[in-house]
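Below: one structure, written as structure tokens.
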Amino acid sequence: MEEFNIKDYPLGQIHAFDFDGTLTRRDTLLEFIRFAKGNKAFLLCFLRFSPLLVLMKMGLYPNWKAKQRVFSYCFKGMPVAGFNALCRRFAKEKAGLMRPKGVNKIREVLAGGGKVVIISASIDNWVEPFFDGMGDVYVLGTMVDEREGVLTGRFLTKNCYGEEKVNRLLQLFPERTQYRLTAYGDSRGDLQLLDFADESHYRPFR
């Protein structure tokens with residue numbers, strides 16, 4: 001590991017964590033749909049969109065577009081208040097999805113005075129409640145659009161994936177030379193963030 005002097009970084013140390021797969025054992029979009037809609041509706045949704053998901057995995061269909069279509073099919077027209085309550089219940093009842101080593105690392109960083117940023121392609125409404133009570137944790141996720149308190153089924157921001165993870169981090173902390181960045185990820189959607197960091201860890205909590 002490259003030696004550094006923390007005094008060279010006025011903003012200190014920032015630790016950026018991917019969420020799905022890195023801090024969790026499974027993808028939370030699918031888990032959330034199953035939790036919210038039940039097994040039967042989840043299966044019907046999966047069967048309906050499976051050809052699209054195969055194309056996405058092959059790189060023949062945009063990741064964000066496939067994800068937005070699935071999200072819209074499942075949640076378009078749902079009141080935001082009810083959706084947020086469901087997200088909080090999901091985080092509480094599915095806390096076991098979190099990898100203990102990852103949670104311990106976050107607590108260690110916070111205890112040492114570092115900043116923690118969760119950068120995820122998942123919807124921030126259900127990511128944020130997983131970190132309630134942990135202290136000052138920033139969550140940068142894909143944000144959903146709403147009109148008059150109802151979900152439109154569209155995304156308000158770009159899918160927080162790939163280069164967008166770097167962009168969102170720089171929106172929050174633009175003075176890149178003023179902090180030392182450590183990043184944690186587990187998939188190709190994290191590669192740009194890992195390359196951008198001073199120190200990177202690939203699949204560290206398994």
Side-chain angles (χ1 to χ4, degrees), residues 15-37 41-42 45-46 49 52-53 56-57 61-76 78 80 82-99 102-103 105-106 116-134 137-146 151-169 171-172 183-194 201-206:
H15 292 249
F17 297 80
D18 168 57
F19 186 63
D20 292 285
T22 300
L23 291 175
T24 69
R25 295 185 171 92
R26 292 184 294 279
D27 181 272
T28 56
L29 172 61
L30 298 179
E31 290 293 320
F32 183 74
I33 293 173
R34 188 195 301 270
F35 179 83
K37 299 296 183 178
F42 169 79
C45 176
F46 182 81
F49 290 101
L52 199 63
L53 296 175
M56 183 191 74
K57 289 293 185 181
Y61 193 84
N63 179 290
W64 72 267
K65 189 174 289 188
K67 180 176 173 181
Q68 182 172 262
R69 287 185 64 179
V70 171
F71 181 83
S72 180
Y73 174 79
C74 293
F75 300 108
K76 181 180 179 180
M78 186 174 185
V80 175
F83 181 72
N84 286 336
L86 191 62
C87 290
R88 291 190 295 270
R89 188 158 62 86
F90 174 68
K92 182 178 180 179
E93 296 184 20
K94 297 295 182 178
L97 288 171
M98 298 291 285
R99 297 181 186 274
V103 174
K105 182 61 181 180
I106 289 174
V116 170
V117 184
I118 311 299
I119 309 182
S120 175
S122 278
I123 308 304
D124 57 3
N125 301 61
W126 71 67
V127 176
E128 288 180 355
F130 278 92
F131 302 95
D132 284 350
M134 291 187 67
V137 176
Y138 301 88
V139 174
L140 304 176
T142 301
M143 300 175 67
V144 294
D145 185 46
E146 62 177 87
L151 296 175
T152 67
R154 296 188 298 271
F155 293 158
L156 188 62
T157 62
K158 291 182 179 180
N159 189 32
C160 195
Y161 180 93
E163 189 64 30
E164 185 62 16
K165 292 198 172 191
V166 176
N167 295 338
R168 293 287 296 279
L169 178 68
Q171 288 176 10
L172 183 63
Y184 309 80
D186 81 307
S187 71
R188 64 181 182 178
D190 304 315
L191 294 182
Q192 289 90 335
L193 180 63
L194 294 173
H201 300 272
Y202 186 72
R203 297 182 177 179
F205 306 124
R206 301 191 178 192

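In what follows, every heavy atom counts, from backbone to side chain, and hydrogens, waters and symmetry copies are set aside. All residue numbers in this chain count up from 1 along the given sequence.
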List the atom of Thr24, the atom of Thr28, and the distance in Å for their closest heavy-atom pair. CG2-CG2, 4.1 Å

Minimum heavy-atom separation for Ala36 to Leu86, with atom names? CB-CD2, 3.3 Å

Check Asp20 against Asp186 and note the closest heavy-atom contact, atom names and distance. O-OD1, 3.2 Å

Flag the pair Asp18 and Lys165 as a salt bridge only when some basic side-chain nitrogen lies within less than 4.0 angstrom of an acidic carboxylate oxygen. yes

Is Arg168 reaching over with its side chain to a backbone N or O of Ser120, donor-acceptor style, under 3.5 angstrom? no

Shortest non-hydrogen separation from Asp190 to Gly185 and the atoms involved: OD2-CA, 3.5 Å

Of all residues at least two apart in sequence or in a different chain, which pass the salt bridge (Lys or Arg N to Asp or Glu O under 4.0 Å) check with Arg188? none

Rounded to the nearest 0.5 angstrom, the CH2-SG distance for Trp64 and Cys160 is 15.0 Å

What's the verdict on side-chain contact (heavy atoms from CB on, under 4.5 Å) for Phe155 and Ile123, showing C-alpha distance, side-chain angles and the deciding distance? CA-CA 9 Å; Phe155 293 158; Ile123 308 304; 3.8 Å; yes

Show the numbers, then the answer: is there a side-chain contact (heavy atoms from CB on, under 4.5 Å) between Met134 and Val103? CA-CA 9 Å; Met134 291 187 67; Val103 174; 4.2 Å; yes

Rounded distance [0.5 Å steps], OH in Tyr138 versus CD1 in Ile119: 12.5 Å

Here the gap from Tyr161 atom OH to Ser122 atom OG, rounded to the nearest 0.5 Å, amounts to 12.5 Å

Given side chains that start at C-beta, do those of Lys65 and Leu52 come closer than 4.5 Å, heavy atoms only? no

Distance check, rounded to the nearest 0.5 Å: Lys76 atom NZ versus Thr152 atom OG1? 7.5 Å

Would you check, one step at a time, whether the test ring pair (Phe, Tyr, Trp, His ring centres under 6.0 Å) holds for Phe83 with Phe32? CA-CA 11 Å; Phe83 181 72; Phe32 183 74; 5.6 Å; yes

In Phe131, Phe130, Tyr184, the residue satisfying ring pair (Phe, Tyr, Trp, His ring centres under 6.0 Å) with Phe17 is Tyr184

Tyr73: what forms a side chain to side chain contact (heavy atoms under 4.5 Å, CB included) with it, not counting sequence neighbours? Cys45, Arg48, Phe49

How many angstroms lie between atom CZ of Arg89 and atom NZ of Lys92, to the nearest 0.5 angstrom? 10.5 Å

Please report the closest heavy-atom contact between Leu30 and Phe42, naming both atoms and the distance. O-CE1, 3.5 Å

Give a yes or no answer on whether the side chain of Thr157 reaches the backbone of Thr142 with a donor-acceptor pair at less than 3.5 Å. no

Of all residues at least two apart in sequence or in a different chain, which pass the salt bridge (Lys or Arg N to Asp or Glu O under 4.0 Å) check with Arg203? none

Not counting sequence neighbours, which residues clear side chain to side chain donor-acceptor pair (under 3.5 Å) with Asp124? List them please. none

With a 3.5 Å distance limit and no angle check, can you tell me whether Thr22 reaches the backbone of Phe19 through a side-chain donor-acceptor pair? no

For Asp145, enumerate each residue passing the salt bridge (Lys or Arg N to Asp or Glu O under 4.0 Å) test, keeping only those at least two apart in sequence or located in another chain. Arg147, Arg154

Sub-3.5 Å donor-acceptor pair from the side chain of Arg88 to the main-chain atoms of Pro129, do we have one? no

Main chain of Glu164, side chain of Lys158: is a donor-acceptor contact present, judged purely on distance under 3.5 Å? no

Nearest heavy-atom neighbours spanning Gln192 and Gly162: OE1-CA, 3.5 Å

Residues which pass salt bridge (Lys or Arg N to Asp or Glu O under 4.0 Å) with Lys94, listed by chain and number, not counting sequence neighbours: none

